[in-house]
Amino acid sequence: MALAPSGSSPAQVRELFAPGSEHTSPGGQYSFRVLGPCCRLFDREELPWPCCRLAWRSKEPSWRRIGRRFVPDLAARRCPSYVVELLQPGSRPTRTVLTLFSQRLQGPLQEWWYSKHPHSLDPANVAPPAPVE
């Protein structure tokens, strides 16, 4: 993965980790094998319903879920997320989703990863655009 130099701001990601590559965690506590990139989604059904207060006041918010159930997680929108196998000494590999919040996606890569355009739903759109030098 190529990172752009950026001083004290988070590292800028220009390309993906290759599937099958092994890396250490940012803190160095464990290593992981990349299975592939993924989009971290937020499940809107996990929101509290209808309200945690006992006494209802005049106007309450609408709790009808209009729109998609799963939406891109806004907290992880600018950072790369991968499906990985955690490689810990003495235990079996564990599959999980890992978001690297210490890194930021560059514009074209972020657009590919979390695009709102209909052409992004095309099954042939499996790889991001080539990095611009």
Side-chain angles (χ1 to χ4, degrees):
M1 165 156 40
L3 300 175
S6 60
S8 64
S9 63
Q12 294 288 312
V13 177
R14 290 188 282 176
E15 55 191 46
L16 304 173
F17 281 151
S21 61
E22 292 185 6
H23 306 274
T24 58
S25 66
Q29 290 88 4
Y30 59 89
S31 60
F32 59 91
R33 178 181 303 115
V34 175
L35 301 177
C38 70
C39 175
R40 187 176 284 271
L41 299 176
F42 178 75
D43 185 358
R44 295 174 66 221
E45 292 294 323
E46 291 179 357
L47 292 171
W49 186 87
C51 188
C52 58
R53 291 188 297 126
L54 293 176
W56 283 55
R57 306 265 163 119
S58 61
K59 266 200 152 180
E60 293 293 328
S62 171
W63 292 101
R64 289 174 289 173
R65 307 281 188 246
I66 300 171
R68 296 181 178 175
R69 175 180 175 181
F70 296 104
V71 294
D73 188 348
L74 293 178
R77 184 181 49 160
R78 292 191 226 156
C79 306
S81 295
Y82 296 95
V83 176
V84 299
E85 281 185 330
L86 298 179
L87 306 174
Q88 300 174 4
S91 65
R92 286 191 278 169
T94 306
R95 287 187 178 194
T96 188
V97 174
L98 182 66
T99 300
L100 303 173
F101 287 104
S102 61
Q103 301 173 356
R104 294 284 188 258
L105 297 168
Q106 283 190 339
L109 191 56
Q110 181 180 352
E111 172 59 30
W112 173 79
W113 215 303
Y114 288 100
S115 180
K116 293 180 182 178
H117 299 293
H119 66 81
S120 68
L121 299 175
D122 182 13
N125 188 15
V126 295
V132 178
E133 295 296 324

Nearest 0.5 angstrom please: Gln12 CD to Leu105 CG, how far? 8.5 Å
Exercise: identify the closest heavy-atom pair between Pro37 and Trp112: CG-CH2, 4.4 Å
Measuring from Asp73:CG to Tyr114:OH, what's the distance to the nearest 0.5 Å? 7.0 Å
Going by the side chain to side chain donor-acceptor pair (under 3.5 Å) test, which pairs reach into residues 25-39, not counting sequence neighbours? Glu22-Arg33, Arg33-Glu85
What pairs of residues pass the salt bridge (Lys or Arg N to Asp or Glu O under 4.0 Å) test when at least one of them lies in residues 106-115, not counting sequence neighbours? none
Of Leu35, Thr96, Val97, the residue whose pairing with Val84 passes side-chain contact (heavy atoms from CB on, under 4.5 Å): Thr96
The criterion is ring pair (Phe, Tyr, Trp, His ring centres under 6.0 Å); which residues satisfy it with Phe32, sequence neighbours excluded? His23
Kindly give the heavy-atom pair with the smallest separation between Ala18 and Ser21, and that separation in Å. O-OG, 2.6 Å
Should Leu109 and Leu16 count as side-chain neighbours, where that means a heavy-atom distance under 4.5 Å? yes
Linking directly or through intermediates, with side-chain heavy atoms under 4.5 Å: list the remaining ILVMFWY members grouped with Phe70, chain and number order. Leu41
Using 0.5 Å steps for rounding, measure from the CZ atom of Arg78 to the CD atom of Gln103. 15.0 Å
Check whether Trp113 reaches the backbone of Pro108 with its side chain - one donor and one acceptor, N or O, closer than 3.5 Å. no
Please tell me whether Leu87 and Tyr82 are part of a single hydrophobic cluster in this structure, the criterion being side-chain heavy atoms less than 4.5 Å apart. no
Test of understanding: with salt bridge (charged side-chain N to carboxylate O under 4.0 Å, His left out), list the residues that count as partners of Arg69, not counting sequence neighbours. Asp43
